[in-house]
Structures are given as C-alpha cells and as structure tokens.
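Note that ligands are numbered from 1 as they come in the structure, with each ligand's atoms numbered from 1 the same way. Starting from 1, each residue takes its place in the sequence as its number.
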Amino acid sequence: MSEKSISAIKAPPPPHYVGDGFRVHNFIPGQFDMKRFSPFLMMDYNSKYYFPPSEKPKGVDVHPHRGFETVTIAYKGKVAHHDSFGNSGVIQEGDVQWMTAASGILHKEYHEEEFSRSGGDFQMVQLWVNLPAKDKMSPPKYQAISNDMIKRYISEDNLTEIEVIAGNHKGVDGIAQTFSAVHLFNSKMKAAAEEMFTFPQDFNTSLLVIDGEIMVNNTSKVVRDHFILFENDGETFEIKALKESIVLILSGAPIDEPIAAHGPFVMNTRAEIIQAFDDYHAGKFGTLV
Ligand code: MN
C-alpha cells in the first residue's frame, strides 16, 4: 500500500450566510468541479462563531431538496428542524442528522429556541451526499444519530477516539446507512496521538480540521478550520496531533453518473431538474409554513 499524497490544503474561504443563521465557508466543491469529491456534492462549514442572544431564532426558512442527502454534524450549538411530512427534532451538540431528501421534502433549519435566546458558540458542518440515479426518487427518510449512538474506535494508547459515523475504521462499523460506500469519521485526538487511515485509492478523500493542529503524512502541518484534499494515488494517510485536535474525515466511492444541479435539486439530467421545479410548484413536496 502506498500513501495518498496531498492535492490541496485550503484556508477557509470568506464566509457567506445561508439564511441568517449559518455563517459558512464552502469547501466542497470550492473551486473544483462537483465530480472531484463525488459522492460528496457540497460541504459548508460554520467555523466556531459566537451568535449573540436573539428572541427570534436565526436560520433558513422553508426550502426544498431532491436527489441527495443532507448530513448535519453539530459541534457547538443546537439546530431545530421541521419538514413537510410533520417530522421535527433538535440536533444537539455531538449529534448527526442524516436526512435522505431523495424524492423530495420541504424543510426549515433554525437555531434551537433556547440556544437562540441564550446565544453562544455555533459550529456546524453540512454535507450534501449524492444518491445513485436509481435511488434519487426513493422515499425520504431520516437517521437521527445522537452522540451516544455513534460507535467508537479507541486506540490502544487511548490517545485517539474515532467516532465512526458511517463506513468503518479498524473493525468498527458506523451506524449510518448509506446508498453508496461512504466513510465519515470524527477523529478526536490528544496531543501526540498518531493514527493511520486506509481507504481505496479511487475513493475521493478529504479532511477538515475542526479544532487543534495536525501533521499529515509527516510533511504538512494543518491548522484549525483548514481543509485537505487528497490525490487518488494511494490508499493511506497518517495524522499526528500536534495538540488536542478534532478532525472530520470524509472518503467515498465516486458515483460515476452525470450531475445536473440547480439550487436545492441535484439530478442526472436537465429534464429531471425541470421536473423537480414543476413538482415543487405543483405542491408535490408537501406543505410547510
Ligand atoms: Mn436544507
């Protein structure tokens, strides 16, 4: 096995707001072609940011999704969501919400009321994971993964704890069900912790330093809020924590199908995008106020 070399190290790009509650840096696709990260279509990162108290919760009002999954990982703060099928819930610190929008839902995402009232640090990742063409029109579903449900790998020296959200690491299987091969981990490392990761060469692989400072492949120092994209030229990479760190690791089998994306819809053809708008305007995504 050989090492995956580093293709790019990215500082956080200037933030933009999604609604008025998510102040995000876009790392995926960034300036790359959407296919470069397949099956990951998008990653918005709300780096740790203090939101002052607000009586009116900040967030994103009602909007649709079709053709993919949204994965929300809460590091700080809490998000409340409601959808057009009557589902609602709160994503607490440490939780993951894996929402399969598939054939289509309407939802809204807001700072949870009490968090909003008290204000506080907010830190979140939202990932969009593509669905294979055959699954794009399957029924919507949720996987509400609370932190205590997440399976963990603990290193022998106890310096590394890996939350395996999806996929597997050294025999520990993640609880999230996926439609294609996806590995998604939070690697929580104490200073001097070292860990090796192995994924197939063709899997598109990247990482984001959520907290701390790490050395990758013994060559590249990467600080908080920075992102690495790996080349598809090997199977392994190594992380050494230079201080206590949290690293989000993503790797997935590319879905080799055409992408037609417009706003909240990601399909395979332009005709399917037009159909999505028609269905949305015809009320087929349900209603939500
Ligand atoms: Mn959404």
### Query
Is there side-chain contact between M99 and H65, with at least one heavy-atom pair below 4.5 Å?
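Touching, per the 4.5 Å side-chain cut-off.
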Among the N, O or S atoms that [X] has, which is closest to the Mn ion (ligand 1)?
X    : result
E109 : OE1
H63  : NE2
H65  : NE2

### For T100, the option from F179, Y142, F68 that meets side chain to side chain contact (heavy atoms under 4.5 Å, CB included)
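Exactly one candidate clears the test, F179.
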### Query
Do F197 and F237 have ring centres separated by under 6.0 Å?
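Between F197 and F237, the centre distance is under 6.0 Å.
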### Query
Would H183 and H169 count as a close aromatic pair, with their ring centres under 6.0 Å?
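Distance test on ring centres: not under 6.0 Å, no.
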